[in-house]
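Worksheet for the structure shown next.
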Amino acid sequence: MKQQKVLINGERLKEQLDNFADFGRTGNNGVTRLALTEEDKQARDHFQKYCEELGMVVKIDDLGNIYAILEGVENEKPPVVIGSHLDSVKKGGRFDGVLGVLAGLEVVHTMVDYGIKPQIPVMVVNFTNEEGARFEPSMMASGILSGKFDKSKMMNKTDSRGVTFAKALNSIGYVGEEKNRLKEAKAFIEMHVEQGPVLEEESLSIGVVEGVMGMVCYDIEVTGESNHAGTTPMHSRKDALFVTNNLITKIREKLNNLDSSLVYTIGRMNVQPNIHTVIPNNVSFTLEARHQDTRIIQQVEGIIKELPGSINNEGCKVETTKLWDRNTVWFDEKVVESLEKSTAPLNYPYKRMVSGAGHDAQFVASYIPTGMIFVPSVNGKSHSEDELTTWEDCEKGANVMLETVLLLSH
């Protein structure tokens, strides 16, 4: 039997996606399934039951990550791992994260249907708290696995009600053993919705993801003086908000001239004292920029650092503080080539691309050969109830995953 003739069951995948959307479904057909809530527990329980019905061996580690293993001929060898996450943001979509987990299960289900026994094990994983919507930071569990985060600190993270991550994990009954952690694998493949408009705009079905772009985030603070809004002449003011407006205009002019693929966002702004009759004396805002080329990020930082002296500050003080950064993560070229090799015979139009959003794969890539598959997001929407990927594209992505798993596991 030729591998490319084996295809997943698209209707079954659609049914499972519909089933899982019931765990936290919102009124507008989105999903609220925050990590370690009752809704998350229900999804986990259903996932575990489904895996066991397929004859898979299910293990849970001390972080609540769930690993379901389809045993192969040589079970002592490292597995091919596929999966993503089941948690969502508040009023998120039906596909973000869960598609990667369920596509992984559909791959295994298809192998079982066709009586395909892999040479090495195939594992489907659900990573805990990828979104960070209830407990910050995002990608918490994969961050601990890869040594990016300290477990003791993460276990003491609290939600808005003061509940710790450790307590919440224990409350849903998903505390496993540290010995079950994912330590090695032949490859890890994560399938995900693109969360952007590129594939749809270019009429492509598949994104073969080469890596996750680097980013940098700064806090910029402008300090002036408050005074009466009606009695202070314009020439006497030290208005922090007016100066901030000029700064933002200058920033946009300079960043827009750097590179067409640079993306940047002013995502948070605080104005003080925030009273309509008082001249603002303090404004702080964040500036985040993302690009795959380290040199472009360095140029962005250069522009930010020059800001205090780059314009007339009208008597205000301008300070910049670097909050954090992240280097571009490049995926394993052999795994990326395997994804590309699997896409071509299926005759799905595709392109290589770099992810602008963060994923568990970027942390896992630090110790396991990793790659990702993107499928289109309608209108580029994600992290909202409007998120949508067509059933046809879900099926195509799962078929690419199946081809890749068959290639790597034999």
Side-chain angles (χ1 to χ4, degrees), residues 20 23-26 30-45 47-48 60-67 83-93 96-98 101 125-178 180-182 195 215-219 221 265 267-270 272 274 284-286 288 321-326 357-364 366 382-385:
F20 271 79
F23 306 126
R25 191 186 296 271
T26 63
V31 171
T32 296
R33 189 165 55 237
L34 304 185
L36 312 185
T37 58
E38 177 60 27
E39 292 80 11
D40 187 24
K41 180 184 185 302
Q42 292 170 357
R44 287 164 170 266
D45 291 347
F47 170 72
Q48 185 169 350
I60 302 166
D61 70 13
D62 56 318
L63 310 174
N65 296 319
I66 307 174
Y67 310 101
S84 191
H85 61 96
L86 292 175
D87 66 311
S88 79
V89 298
K90 187 175 181 180
K91 292 187 177 180
D96 181 355
V98 66
V101 177
V125 60
N126 166 45
F127 287 114
T128 301
N129 192 36
E130 191 273 351
E131 294 291 1
R134 182 182 179 193
F135 301 99
E136 294 183 352
S138 58
M139 303 179 293
M140 184 184 286
S142 59
I144 297 172
L145 290 179
S146 58
K148 308 296 183 184
F149 301 144
D150 178 76
K151 177 187 173 181
S152 60
K153 290 181 180 179
M154 296 300 106
M155 286 292 170
N156 286 315
K157 293 288 185 175
T158 57
D159 65 9
S160 60
R161 297 184 177 181
V163 178
T164 66
F165 180 91
K167 183 176 180 180
L169 181 60
N170 186 69
S171 71
I172 66 167
Y174 274 87
V175 181
E177 299 181 75
E178 184 172 345
N180 292 332
R181 288 187 183 185
L182 178 62
Q195 301 180 285
M215 58 194 298
V216 67
C217 186
Y218 274 76
D219 181 77
E221 184 176 18
T265 304
R268 182 181 70 215
M269 178 176 285
N270 296 307
Q272 301 296 333
N274 207 25
S284 64
F285 63 96
T286 56
E288 179 203 273
T321 303
K322 186 174 182 176
L323 299 179
W324 47 266
D325 62 10
R326 181 183 80 199
H359 300 282
D360 287 311
Q362 75 192 61
F363 282 161
V364 176
S366 67
S382 185
H383 279 195
S384 75
E385 294 170 306

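For this chain, numbers begin at 1 and follow the sequence in order. Note that the structure is predicted; figures quoted are calculated from it, not measured.
Between C217 and R326 there is no side-chain heavy-atom pair separated by less than 4.5 Å. Using a 4.5 Å heavy-atom cutoff, the side chains of N65 and L145 are in contact. Counting heavy atoms from C-beta on, the side chains of K322 and V216 come closer than 4.5 Å.
One distance of note links NZ of K148 with CE of M139; it measures 10.5 Å at 0.5 Å rounding. Taken from CZ in F165 to CG in N156, the straight-line distance is 11.0 Å, to the nearest 0.5 Å. Going from atom OG1 of T37 over to atom CD1 of I172 covers 7.5 Å, rounded to the nearest 0.5 Å. Rounding to the nearest 0.5 Å gives a distance of 6.0 Å between OH of Y67 and CZ of F127. Distance CD1/I144 to CD/E178: 10.0 Å, rounded to 0.5 Å. L182 contributes atom CG, which lies 8.5 Å from atom CG of D61 (distance to the nearest 0.5 angstrom).
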Evaluate side chain to side chain contact (heavy atoms under 4.5 Å, CB included) for K157 paired with F149, printing each intermediate quantity in order.
CA-CA 12 Å; K157 293 288 185 175; F149 301 144; over 6 Å; no
As a quick check of understanding, evaluate side chain to side chain contact (heavy atoms under 4.5 Å, CB included) for D219 and R268, giving each step before the final call.
CA-CA 9 Å; D219 181 77; R268 182 181 70 215; 4.0 Å; yes
Before you tell me yes or no, could you show the steps for L36 and R44 under side chain to side chain contact (heavy atoms under 4.5 Å, CB included), namely the whole-Å CA-CA distance, both residues' side-chain angles and the distance that decides it to 0.1 Å?
CA-CA 10 Å; L36 312 185; R44 287 164 170 266; 4.0 Å; yes
With side chain to side chain contact (heavy atoms under 4.5 Å, CB included) as the test, would you mind laying out the steps for Q48 and I60 before giving the verdict?
CA-CA 10 Å; Q48 185 169 350; I60 302 166; 4.2 Å; yes
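Side chain of S84 to main chain of V98: no donor-acceptor pair is present (N/O by atom type, distance under 3.5 Å, no hydrogens or angles). Panel note: side chain T128, backbone G64; a donor-acceptor pair is recorded below 3.5 Å. Remark: side-chain polar atoms of N129 are not paired, donor with acceptor, to backbone N or O of A35 under 3.5 angstrom.
The environment of CD in E136 is sparse: at most 12 heavy-atom neighbours from other residues, nucleotides or ligands sit within 6.0 Å. Within 6.0 Å of NZ in K167 there are 12 or fewer heavy atoms belonging to other residues, nucleotides or ligands. The environment of NZ in K90 is sparse: at most 12 heavy-atom neighbours from other residues, nucleotides or ligands sit within 6.0 Å.
In terms of heavy-atom proximity, A357 sits nearest to Q362 at O-OE1, 4.4 Å. Taking each heavy atom of T164 and F135 in turn, the nearest pair found is C-CE2, 3.6 Å. For the pair V31 and G93, the tightest heavy-atom approach, listed with the atom from each and the gap, is CB-O, 3.7 Å. Nearest heavy-atom pair, K151 versus R181, reported as atom, atom and distance to 0.1 Å: CD-NH2, 3.6 Å. Of all non-hydrogen atoms in Q195 and S382, the two that sit nearest each other are NE2-OG, 3.0 Å. In this structure, E131 and D96 approach most closely via the heavy-atom pair OE2-OD2, 3.0 Å.
Considering only residues two or more places apart in sequence or on other chains, E288 meets the salt bridge (Lys or Arg N to Asp or Glu O under 4.0 Å) condition with R290. Residues satisfying the ring-ring contact (aromatic ring centres under 6.0 Å, His included) test with F23, not counting sequence neighbours, are F20, H46.
Between R134 and D87, no side-chain nitrogen of the basic residue sits less than 4.0 Å from a carboxylate oxygen of the acidic one, so the salt-bridge criterion is not met.
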